[in-house]
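To keep things clear, I will list the structure first and then write my remarks on it.
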There are 2 protein chains.
Amino acid sequence: MSVKHSTQHKILDAAQTLFAETGFTDTSLRQITSMAEVNLASVNYHFGSKKELIQAVLQRYLVVLMPRLDQEFTRLLAVQQPNSLSQVLSVFVKPLLELNKVHQNGARIFLQLLGRGYTDVQGHLRWFFNHHYGRVLDKLVLLVQQACPDLPPSELFWRLHFSLGTVVFTMASNEALAEIAEADFNEKVDIEGVILRLLPYLSAAIAAPVTTVTQLSHTAPALASEGI
Amino acid sequence: MSVKHSTQHKILDAAQTLFAETGFTDTSLRQITSMAEVNLASVNYHFGSKKELIQAVLQRYLVVLMPRLDQEFTRLLAVQQPNSLSQVLSVFVKPLLELNKVHQNGARIFLQLLGRGYTDVQGHLRWFFNHHYGRVLDKLVLLVQQACPDLPPSELFWRLHFSLGTVVFTMASNEALAEIAEADFNEKVDIEGVILRLLPYLSAAIAAPVTTVTQLSHTAPALASEGI
DNA sequence: TTCAAATTCAAACGTACATTTCAAACACTT
DNA sequence: AAGTGTTTGAAATGTACGTTTGAATTTGAA
């Protein structure tokens, strides 16, 4: 397995592991080059800066994942009758798991990195992502809109972001959760198991009936009263 | 409004704002003391260290929130017939919004900090939280179990963590989301609005029907084939 | 008013960081 | 084998950080 690795490759491998575990800011180039067994200066030589290294680490997965997702979305959009929500969400599974071909545990690592990217650094990664792949996600929005025609656009916006949060946070704290699950329920859980558990959860969540404030005030009377 | 603020108070106020916006690691004591208009050394004088400052910032809200939640959980547990899931989740609303009495925008800031705490620092905050308030959350698990008797314990474990991810991530990226929502949908969204949108989403998600792998393979044939 | 304790202040300390430098080692063509 | 461009290496640079120090100042009780 893996006879020879270039310096760039070794840096990317070490960087993605440490970034996923500890976050971008809390991982130093010294930790990365030490784990990769390369010289400290080689990061700046090959990637320019730490910021560009972070983007390169993510790009390795994005250039594989996003075209695949785009292809799936386009295929579903071509179908005559609208797809069900769980059909739409299911198309994520295969492209995500194919990231395991990019690198061992690639799917898990990528999703962890994505989570880090949304909370760690302010701005620049989110911009980077939206700028390069915003078009692809527009197709997803369209598909979900077709699957849930009763959902107002603004509600759909929020629910998709809620769902992103679910996925991203779950992956960010994946190691800890998997450990607890194994200890408490004797369940060995891998990334595929987590994704399979996420699908019905997200399907039901996104398609949940829209509740108005007046309806809610029966169960949550806090809001009607008191001008908090 | 607020005639005079002690140094400690000013530090806590500045710290919570910057921590919520930028995260714990990416916020320096110099930024905090500069915003608070106090001397740099006063943080270490009053709080001992940056780590203890972080805990103090969170404690200010936790000592208010957790007893309130505990009280609500205990009340629901005393009811004879099991409560519905949305009833259980609704008890979060009032205690959370009461954090706005602790400080302006307290609810939003607290939830943002909670999100930061789960992703930013590794370990010590999660330990701090579980150690002090684990008992309270056990009651929540019990309540959800009663509300969803068909849900296997391991499935419930995962779904509660999914839900935590939803909330925490949403709050961590709240500013950005609220900006987009306002720009795209002309909707001004405050913390109360987000919480109200979260309730039906989470209710449906946690109570979603449990899907087996064989059922899933109809919509996600990726997993049955290919030994990825 | 006096005096001791609590607080503030400017300055400095030591450490860790990303990045740069430039010479040495390497790879590859001629 | 020589020579050129690429890559690596050890060391240093400058900056930012959390924390410490000790003197100055403020506070509050006697």
Side-chain angles (χ1 to χ4, degrees), chain A residues 2-60 113 116-117 119-125 128, chain B residues 2-60 113 116-117 119-125 128:
Chain A
S2 69
V3 229
K4 166 89 179 293
H5 277 314
S6 69
T7 298
Q8 302 189 38
H9 197 124
K10 286 193 283 185
I11 291 174
L12 287 175
D13 285 355
Q16 70 173 4
T17 303
L18 293 171
F19 283 156
E21 279 176 6
T22 332
F24 299 117
T25 326
D26 290 342
T27 300
S28 69
L29 295 186
R30 285 170 170 81
Q31 289 176 264
I32 293 170
T33 53
S34 158
M35 171 182 264
E37 296 180 298
V38 300
N39 190 270
L40 169 63
S42 55
V43 171
N44 289 288
Y45 176 76
H46 285 289
F47 298 95
S49 66
K50 185 179 181 180
K51 185 183 281 185
E52 288 167 282
L53 172 62
I54 294 173
Q55 295 181 357
V57 165
L58 277 169
Q59 271 290 52
R60 193 157 59 144
L113 292 170
R116 297 288 182 189
T119 54
D120 257 36
V121 194
Q122 41 126 306
H124 98 271
L125 261 182
F128 173 81
Chain B
S2 68
V3 228
K4 166 87 179 296
H5 277 315
S6 69
T7 299
Q8 303 190 35
H9 196 125
K10 286 192 283 186
I11 291 174
L12 286 175
D13 285 355
Q16 69 173 3
T17 302
L18 292 171
F19 283 155
E21 279 175 5
T22 332
F24 299 116
T25 325
D26 290 342
T27 300
S28 70
L29 295 186
R30 285 172 171 80
Q31 287 177 265
I32 293 170
T33 54
S34 158
M35 171 183 265
E37 296 179 299
V38 300
N39 189 270
L40 169 62
S42 55
V43 171
N44 290 286
Y45 176 76
H46 285 289
F47 298 96
S49 66
K50 185 180 182 180
K51 186 184 281 186
E52 288 166 283
L53 172 64
I54 294 174
Q55 295 180 355
V57 165
L58 277 169
Q59 271 290 52
R60 194 156 60 145
L113 291 171
R116 296 289 182 188
T119 54
D120 256 35
V121 192
Q122 40 126 305
H124 98 272
L125 262 182
F128 173 80

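Below, chain A is the first sequence line, B the second, and so on; all start at residue 1.
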- Message: Any N or O donor-acceptor pair under 3.5 Å from the base of C:dA18 to the side chain of A:Arg30?
- Response: yes

- Message: I want to check one thing: is the phosphate of D:dT8, taken as OP1 and OP2, less than 4.0 Å away from some side-chain N or O of A:His46?
- Response: yes

Separation of [N] [atom2] from [X] [atom1] (nearest whole Å):
| X | N | atom1 | atom2 | result |
| --- | --- | --- | --- | --- |
| B:Glu37 | C:dC9 | CD | P | 11 Å |
| B:Gln8 | C:dA6 | CD | C1' | 12 Å |
| A:Leu40 | D:dA10 | CG | C1' | 10 Å |
| A:Leu18 | C:dA18 | CG | P | 12 Å |
| B:Ile54 | D:dG18 | CD1 | C1' | 12 Å |
| B:Phe19 | D:dG18 | CZ | P | 9 Å |
| B:Tyr45 | C:dT7 | OH | P | 4 Å |
| A:Phe47 | C:dT19 | CZ | C1' | 16 Å |

- Is a donor on one side and an acceptor on the other found under 3.5 Å between the side chain of A:Thr22 and the backbone of A:Phe19? no

- Query: If only atom types and distance count, is the side chain of A:Thr27 paired as donor or acceptor with the main-chain N or O of A:Leu18 below 3.5 Å?
  - Reply: yes

- Message: Within the 4.5 Å heavy-atom criterion, are A:Thr7 and A:Asn39 side-chain neighbours or not?
- Response: no

- Message: Is any side-chain heavy atom of B:Arg60 closer than 4.5 Å to one of B:Asp13?
- Response: yes

Options [options], nucleotide nearest the side-chain atoms of [X]:
| X | options | result |
| --- | --- | --- |
| A:Ala41 | D:dT6, D:dT19, D:dG9 | D:dG9 |
| B:Ser28 | C:dC17, D:dG18, C:dT8 | D:dG18 |
| A:Lys50 | C:dT8, D:dT8, C:dA18 | C:dA18 |
| A:Asn44 | C:dT8, C:dA11, C:dT20 | C:dT20 |
| B:Thr7 | D:dT7, C:dT8, C:dT19 | C:dT8 |
| B:Asn39 | C:dA10, C:dA18, C:dT7 | C:dA10 |

- Message: Under 4.0 Å, counting only non-hydrogen atoms across every strand here, what does A:Thr33 touch: a base, just sugar-phosphate, or nothing?
- Response: nothing

- For the pair A:Asp26 and A:Arg116, find out whether any cationic side-chain nitrogen is under 4.0 Å from an anionic carboxylate oxygen. no

